[in-house]
Amino acid sequence: MQPHESPANPGKFGPYRQSERKALYTPYAEQLVEQGHAYYAFDTPEELERMRQNFKTEANPSPTYDGTTRLQMRNSLTLTPQETETLLANGTPRVVRIKMPHNQNIEFADMIRGSISFNSSMVDDKVLLKADGMPTYHLAVVVDDYLMEITHAFRGEEWLSSAPVHVLLWQYLGWQQHMPQWAHLPLILGPDGAKLSKRHGNKYGFPIFAMNWTDPSKSELTEGFKERGFLPEAFINLLALMGWNDGTGQEIFSKAAMAAAFDMSRVHSAGAQFDYEKAKWYNQEWIKRLADTDLAERLKRFDEGRFGHINQELLGKVVGLVKERCHLLTDFWNQASFFFQPPETFDTNAIAPKWTSEKTAFFQALLKDWGAAEQWEPSEIEQRFKNLANTHLLKPGELMLPLRIMLVGGKFGPGVFDVATMVGQPETLRRIEHVLQLLFTANASTEMV
RNA sequence: GGCUCGUUGGUCAAUCGGUUAAGACGCCUCCCUUUCACGGAGGAAUGACGGGUUCGACUCCCGUACGGGCUACCA
C-alpha cells in the first residue's frame with residue numbers, strides 16, 4: 001500500500017514516529033486528569049501484582065484495576081491533593097489511567113459487525129500514559145487519529161474489547177464528531193483455529209510475516225513470505241481474499257482490480273484459517289500470469305547468486321518453459337538449473353533396469369547423427385531421433401525417458417527436444433556421452449560381481 | 001471465570017426466506033501429454049444442536065453447545 005504520508009514521504013501531518021510525537025500526548029493526558037476522566041496512579045509493579053493476588057478468587061481469576069479496586073490503590077483518587085502534588089513534584093514514577101465510568105452503556109457502530117455495546121463497569125482503567133512519558137496505544141491511537149484526520153480505522157478483531165476505551169476517549173477529549181468509522185476485521189487463524197502467530201509458522205513450516213524478521217531479543221530469524229518466494233501480487237491477493245470476496249467467485253485480483261471491486265459490506269465477520277496449500281496456489285497463478293521477461297527480472301533480483309549472471313533473454317525463454325510447474329520463486333532453480341549447468345545427479349535407476357545393449361548402440365549412433373545435424377531446432381532433432389530409432393528397430397517411446405535422464409537428470413521438466421535445443425548441440429552431446437559412461441561403468445561393475 | 005465476537009464440506013467460501021446448497025484449494029478417478037506440470041472431464045465431502053416466527057428457513061429471533069479475541073506501564 002502507498003501511505004498518503006510517511007517518514008519517507010512527509011506531508012502536513014508529521015511527525016510519524018511515536019517517539020518523535022512523545023511530547024504531543026502529555027497535555028491531553030493532563031487535560032483528562034483535570035476533567036476528572038483520568039487520574040495519576042503511583043502503584044509499583046509489585047503493588048499491582050499484590051492487588052491481582054489479593055483480589056483473585058475462583059469466580060474472578062484475573063482482577064483488574066477498575067471501579068472495584070481503584071479506591072484501594074495508591075493514586076490521585078485515594079491520596080490527598082497535597083500528597084499527590086508532592087509525589088508529582090518529587091518525580092515519583094506514575095502513570096495516567098483512564099477512570100472508567102460506573103455502569104454506563106458504551107455503544108458504537110462497527111462497519112462489519114453492526115452495533116456493539118459494552119458496559120463500562122466491565123472495562124478496566126487502562127494506562128494512558130506510561131511512567132516513561134510515552135503513551136500507550138489507547139491514548140496514541142485516539143490522539144493520532146484525531147490530529148491526522150483519520151476517517152476510517154480498520155484493525156483486527158483483537159482490538160474490539162478495547163474499543164470502548166477509545167470511544168470514551170474521543171468523547172472525553174471533545175472530538176466525538178470527528179471519531180473515525182470503526183471496522184474490526186476478522187482475524188487470520190492458524191490451522192488449529194487460534195489467532196495466527198509465529199508459533200504456527202514454526203510448527204507447520206510456513207511464513208507468518210511478509211518479510212524476514214529477526215527477533216531482536218533472541219536474534220532469531222523468521223523467514224518471510226517474500227524470501228520464501230512469494231510474489232507481492234500473490235501475497236496481497238491471498239490476504240485480501242481471507243475474509244472478503246466480491247461475490248462473483250473471482251479469486252485472482254490485481255491490486256487495482258481489488259481496489260475497484262472492494263466493498264466493506266462484503267467483509268466477513270468470522271475469522272479465516274490460513275491454508276498454506278491455497279497460498280501456494282495463488283502464487284502459482286500469479287507466476288503463470290506474469291510476463292516471462294518480468295519474471296526473469298524478478299528471479300535475478302530474488303536469487304542474484306544463481307540467476308544474476310544469466311543472460312536475460314535466455315532466462316526469459318527458460319522461465320516460459322518451466323513456470324507452470326513452479327509454485328514459488330524458489331522452485332525455479334530446481335526446475336531449470338539443468339538449462340544452465342549439467343545436472344549434478346542422474347536418476348539412472350529409472351532406466352538402468354531396462355537398459356539393453358541395443359540402447360547403447362542407439363545412443364552411440366545418436367551421438368554421430370545429432371553431431372552431424374546442421375539445424376539445431378526441436379522439430380529437426382526430433383525427426384532425426386525418431387528416424388534413427390526406426391532404423392535401430394526400437395520404439396521412440398522407450399528411448400525418450402533415457403534421453404530425458406541424460407539431459408535433465410530426472411523425470412521432470414519441459415519437452416526433451418526443447419531442452420536439447422535450449423541447452424545447445426555440444427552440451428547435449430556431452431551429457432548423452434556422460435550418462436552413457438555412467439551406465440557402462442555401472443553395468444561393468446555389476447558384471448564383475 | 002468475566003466481557004465480547006463468531007459458527008455453511010478438511011480449508012477459503014456463494015446464498016441477502018422458495019436453489020438439485022455455487023465456485024476455489026486440497027484429495028481421488030479418467031482424458032491430454034512417449035517425463036513432470038499445465039489444461040480438460042468427472043467424483044467424494046457442507047448448513048453445530050434445540051426451540052420458535054413463517055405457507056416455506058442455511059437465511060430472521062431465542063436458547064444451548066462449541067470456537068476465537070481480550071482480560072499488561074504490548075501492540
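Numbers restart at 1 for each chain; the letters A, B, ... are given by sequence-line order, proteins then strands. Note that the coordinates shown come from a computational prediction; the quantities given were computed from them, not determined experimentally.
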[Y] side chain reached by [X] side chain, heavy atoms, under 4.5 Å:
| X | Y | value |
| --- | --- | --- |
| A:V95 | A:L129 | no |
| A:V318 | A:D292 | no |
| A:K130 | A:V96 | no |

Discussion item. Show me the dot-bracket string of RNA chain B, counting Watson-Crick or G-U pairs under 3.5 Å, with | for pairs to another strand and [ ] for crossing ones.
Written reply: (((((((..(((.....[....))).(((((.......)))))....(((((..]....))))))))))))....
Rounded distance (Å) that lies between atom [atom2] of [N] and atom [atom1] of [X]:
| X | N | atom1 | atom2 | answer |
| --- | --- | --- | --- | --- |
| A:Y276 | B:rC12 | OH | C1' | 17 Å |
| A:D125 | B:rU71 | CG | C1' | 14 Å |
| A:W281 | B:rA37 | CH2 | P | 18 Å |
| A:L241 | B:rA13 | CG | C1' | 10 Å |
| A:M51 | B:rU71 | CE | C1' | 12 Å |
| A:E58 | B:rG2 | CD | P | 12 Å |
| A:M406 | B:rU35 | CE | P | 17 Å |
| A:F274 | B:rC25 | CZ | C1' | 12 Å |

Do the two ring centres, one from [X] and one from [Y], sit under 6.0 Å apart?
| X | Y | answer |
| --- | --- | --- |
| A:F417 | A:F385 | yes |
| A:W244 | A:F253 | yes |
| A:F235 | A:F230 | no |
| A:F154 | A:W182 | no |
| A:Y282 | A:H327 | no |
| A:H434 | A:F346 | yes |

The side chain of [X] lies closest to which of these nucleotides: [options]?
| X | options | result |
| --- | --- | --- |
| A:E277 | B:rC25, B:rU35, B:rC5 | B:rC25 |
| A:R266 | B:rU15, B:rU71, B:rC74 | B:rU15 |
| A:F118 | B:rA14, B:rC3, B:rU7 | B:rC3 |
| A:M400 | B:rA37, B:rU7, B:rU34 | B:rU34 |
| A:R52 | B:rC73, B:rC3, B:rU11 | B:rC73 |
| A:H268 | B:rA75, B:rC12, B:rA14 | B:rA14 |
| A:M122 | B:rC3, B:rU11, B:rC5 | B:rC3 |
| A:F412 | B:rC38, B:rG1, B:rU35 | B:rU35 |

Sugar-phosphate only, base, or nothing, as touched by [X] at under 4.0 Å among non-hydrogen atoms:
| X | result |
| --- | --- |
| A:D43 | base |
| A:G156 | nothing |
| A:P414 | base |
| A:T64 | sugar-phosphate |

Worksheet item: Considering heavy-atom distances to RNA chain B, does A:S115 or A:F42 have its closest nucleotide positioned more toward the 5' end?
Response: A:S115
Worksheet entry | Given RNA chain B, 5'-ward residue of the pair A:T136 and A:S269, judged by closest heavy atom |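 The answer here is A:S269.
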Using the [atom1] atoms only, state how far [M] lies from [N], rounded to an integer number of Å.
| N | M | atom1 | answer |
| --- | --- | --- | --- |
| B:rU4 | B:rG43 | P | 47 Å |
| B:rU15 | B:rC58 | C1' | 8 Å |
| B:rA41 | B:rG18 | C1' | 32 Å |
| B:rU19 | B:rU33 | C1' | 39 Å |
| B:rU35 | B:rG67 | C1' | 46 Å |
| B:rA65 | B:rU29 | C1' | 39 Å |
| B:rA37 | B:rC32 | C1' | 12 Å |
| B:rG10 | B:rG47 | C1' | 16 Å |

Is the phosphate of [N], meaning OP1 or OP2, less than 4.0 Å from a side-chain N or O of [X]?
| X | N | value |
| --- | --- | --- |
| A:K288 | B:rG39 | yes |
| A:R325 | B:rU33 | no |
| A:R404 | B:rU34 | no |
| A:K280 | B:rC12 | no |
| A:N119 | B:rC3 | no |
| A:Q284 | B:rC38 | yes |
| A:K130 | B:rC74 | yes |

Fill in: Main-chain N/O of A:F412 paired with A:R404 side-chain donor or acceptor, under 3.5 Å
yes
Discussion item. Main chain of A:L231, side chain of A:N283: is a donor-acceptor contact present, judged purely on distance under 3.5 Å?
Written reply: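 The answer is yes, because a donor-acceptor pair under 3.5 Å joins these two groups.
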Worksheet entry | A:E83 vs A:R74, salt bridge (charged side-chain N to carboxylate O under 4.0 Å, His left out): CA-CA, chis, key distance, verdict | CA-CA 11 Å; A:E83 286 173 320; A:R74 219 155 60 89; over 6 Å; no
Practice prompt. Show your working on salt bridge (charged side-chain N to carboxylate O under 4.0 Å, His left out) between A:D347 and A:K411 and close with a plain yes or no.
Written response: CA-CA 8 Å; A:D347 184 9; A:K411 295 160 71 170; 5.9 Å; no
Could you list, one pair per line, each protein nitrogen or oxygen that sits under 3.5 Å from a nitrogen or oxygen of nucleotides 66-69 of chain B, together with the distance?
{"from": "B:rG68", "atom 1": "N2", "to": "A:E157", "atom 2": "OE2", "distance (Å)": "3.2"}
{"from": "B:rG69", "atom 1": "OP1", "to": "A:K195", "atom 2": "N", "distance (Å)": "3.1"}

Worksheet item: Just one of A:D124, A:D43, A:D125 clears the side-chain hydrogen bond (donor to acceptor under 3.5 Å, both in side chains) bar with A:Y65, so which one?
Response: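 By the side-chain hydrogen bond (donor to acceptor under 3.5 Å, both in side chains) criterion, A:Y65 pairs with just one of A:D124, A:D43, A:D125: A:D43.
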Worksheet item: Which atom names give the shortest non-hydrogen contact between A:P164 and A:L160, and what distance separates them?
Response: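 In terms of heavy atoms, the two residues are closest at CD-O, 3.6 Å.
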Any protein N or O atoms within reach of nucleotides 21-23 of chain B? Criterion: under 3.5 Å, listing atom names and distances.
none

